[in-house]
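Here's the structure, in structure tokens; my notes come after.
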Amino acid sequence: MIGFFGGSFDPVHYGHLKTAVAIKKELAIDELFLLPCKEPVHKNDLHFSNKQRLEMLNLALVEFDELQIDSREMDRKSASWTIDTLKEIKANYPNKKIFLIIGADSFATLNTWKDHQQLGKYAQLVVLPRANSVQDARKNSTVYFAKTPLIDISSTQIRSILKGKMCDNLTGLLPDSLINYIKKI
Ligand code: ATP
């Protein structure tokens, strides 16, 4: 069994890392990959560059060595849809059960994703609880609603602290190695 936890990780934080470890354990997933998306070529939406986001993920995994990184979306020339990535992953691992892990806030907007009805063909969808989002099991019986702890941290929160240039307030939100990395940028 393998799991993929996609996101922009701009930057990665304990909300991603600790829940990833928790869901890996909860579902006895053998390998869990963080799957960073590529910044759209013509957009400048993200705070950190592709290279910086990947470097921070690699630094984080020194502490969280039971997690892995799948950089296939970053390695592509342009940004890609989750459904296309999943099809590719399924082709790579035809005999493995595949989990696609998303937070409850992402699940709430799933109907805007390209070919979202098809996602279940390629992976079992797993939804993590998230602060201020409903975990509504009635919406979809094919989805697994995780019992992972609620960790109220977001990349938005970290980026707004950075705008105020108060790096000391980042303690406890992401690993110290990442705080040091960010301070040097
Ligand atoms: P932003 O604040 O920029 O929207 P984010 O903190 O939500 O970022 P993303 O990289 O966009 O982080 O999230 C990737 C995936 O991880 C999404 O499915 C999101 O729902 C989930 N996620 C993010 N933070 C948490 C958290 N604290 N607990 C559980 N899931 C989370």
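All residue numbers refer to positions in the sequence shown, counting from 1. One-based numbering, in listed order, for ligands and for the atoms of each. Below, each value reflects all heavy atoms present in this structure, side chains not excepted, and no hydrogens, waters or symmetry copies. The shown structure was predicted, so the numbers you read here are calculated from the model rather than taken from an experiment.
In Pro129, the part holding a heavy atom less than 4.0 Å from any atom of ligand 1 is the backbone. With a 4.0 Å cut-off on non-hydrogen atoms, Asp105 touches ligand 1 through its side chain and not its backbone. Contact annotation: for Gln157 versus ligand 1, there are no heavy atoms closer than 4.0 Å.
The shortest heavy-atom distance from Phe107 to ligand 1 is not under 4.0 Å. Residue-ligand proximity: Gly6 is placed with a non-hydrogen atom under 4.0 Å from ligand 1.
The contact set between ligand 1 and Ser155, taken as ligand atoms under 4.0 Å from a residue heavy atom, comprises 1 (P), 2 (O), 3 (O), 5 (P), 6 (O), 8 (O), 12 (O). Of all the atoms in ligand 1, the ones that sit under 4.0 Å from a non-hydrogen atom of Gly7 are 10 (O), 14 (C).
With 3.5 Å as the limit, one finds a donor-acceptor pair spanning the side chains of Tyr144 and Glu26.
Looking at Glu88 and Arg72, a side-chain N of the basic residue comes within less than 4.0 Å of a carboxylate O on the acidic one, giving a salt bridge.
Atom NZ of Lys25 has 12 or fewer neighbouring heavy atoms from other residues, nucleotides or ligands inside a 6.0 Å radius. Heavy atoms of other residues, nucleotides or ligands lying less than 6.0 angstrom from CG of Asn132 number 12 at most.
Among protein heavy atoms, atom 25 (C) of ligand 1 sits closest to Arg130 NE, 3.2 Å. Nearest protein neighbour of atom 28 (N) of ligand 1, counting heavy atoms only, is Gly15 O, 3.7 Å. Counting only heavy atoms of the protein, atom 11 (O) of ligand 1 lies nearest to Ser8 OG, 3.5 Å. Among all protein heavy atoms, the one lying closest to atom 17 (C) of ligand 1 is Ser106 OG, 3.3 Å. Nearest non-hydrogen protein atom to atom 9 (P) of ligand 1 is His16 NE2, 3.5 Å. Nearest non-hydrogen protein atom to atom 10 (O) of ligand 1 is Phe9 N, 2.9 Å. Nearest protein heavy-atom contact of atom 27 (N) of ligand 1 is Ile151 O, 2.7 Å. Thr156 OG1, 2.4 Å is the protein heavy atom nearest to atom 2 (O) of ligand 1.
In terms of polar-atom proximity, defined here as any N/O pair under 3.5 Å, Ile101 makes no such contact with ligand 1. Ligand 1 has no N or O atom lying under 3.5 Å from any N or O atom of Ile102, backbone or side chain. Taking distance alone, with nitrogen or oxygen atoms compared against 3.5 Å, Thr19 stays at or beyond that limit from ligand 1. The shortest N or O to N or O distance between Ala104 and ligand 1 is not below 3.5 Å. Checked against a 3.5 angstrom limit, the closest N/O atoms of Arg159 and ligand 1 fall inside it.
Ring-plane geometry between Phe9 and His16 is classed as perpendicular, the angle between the planes exceeding 60 degrees on a 0 to 90 degree scale with a lower cut at 30.
Partner of Ile151 under the side chain to side chain contact (heavy atoms under 4.5 Å, CB included) criterion, out of Leu128, Leu173, Thr19, Leu17: Thr19 alone.
One distance of note links CZ of Phe99 with CZ of Phe33; it measures 14.0 Å at 0.5 Å rounding. Atom-to-atom distance recorded for Leu170:CG and Lys183:NZ is 8.0 Å, nearest 0.5 angstrom.
Linking Ile, Leu, Val, Met, Phe, Trp and Tyr whenever their side-chain heavy atoms come within less than 4.5 Å puts Trp81 and Phe107 in one cluster. In this structure, Val62 is not a member of the same hydrophobic cluster as Val21, with clusters built from ILVMFWY side-chain heavy atoms closer than 4.5 Å.
Partners of Lys163 by side-chain hydrogen bond (donor to acceptor under 3.5 Å, both in side chains), not counting sequence neighbours: none found. With sequence neighbours excluded, the residues forming a side-chain hydrogen bond (donor to acceptor under 3.5 Å, both in side chains) with Ser71 are Asp75, listed by chain and number.
Considering Gly103, Cys37, Ala20 only, the shortest heavy-atom separation from atom 18 (O) of ligand 1 involves Gly103.
In terms of heavy-atom proximity, Thr148 sits nearest to Ala22 at CG2-CB, 3.6 Å.
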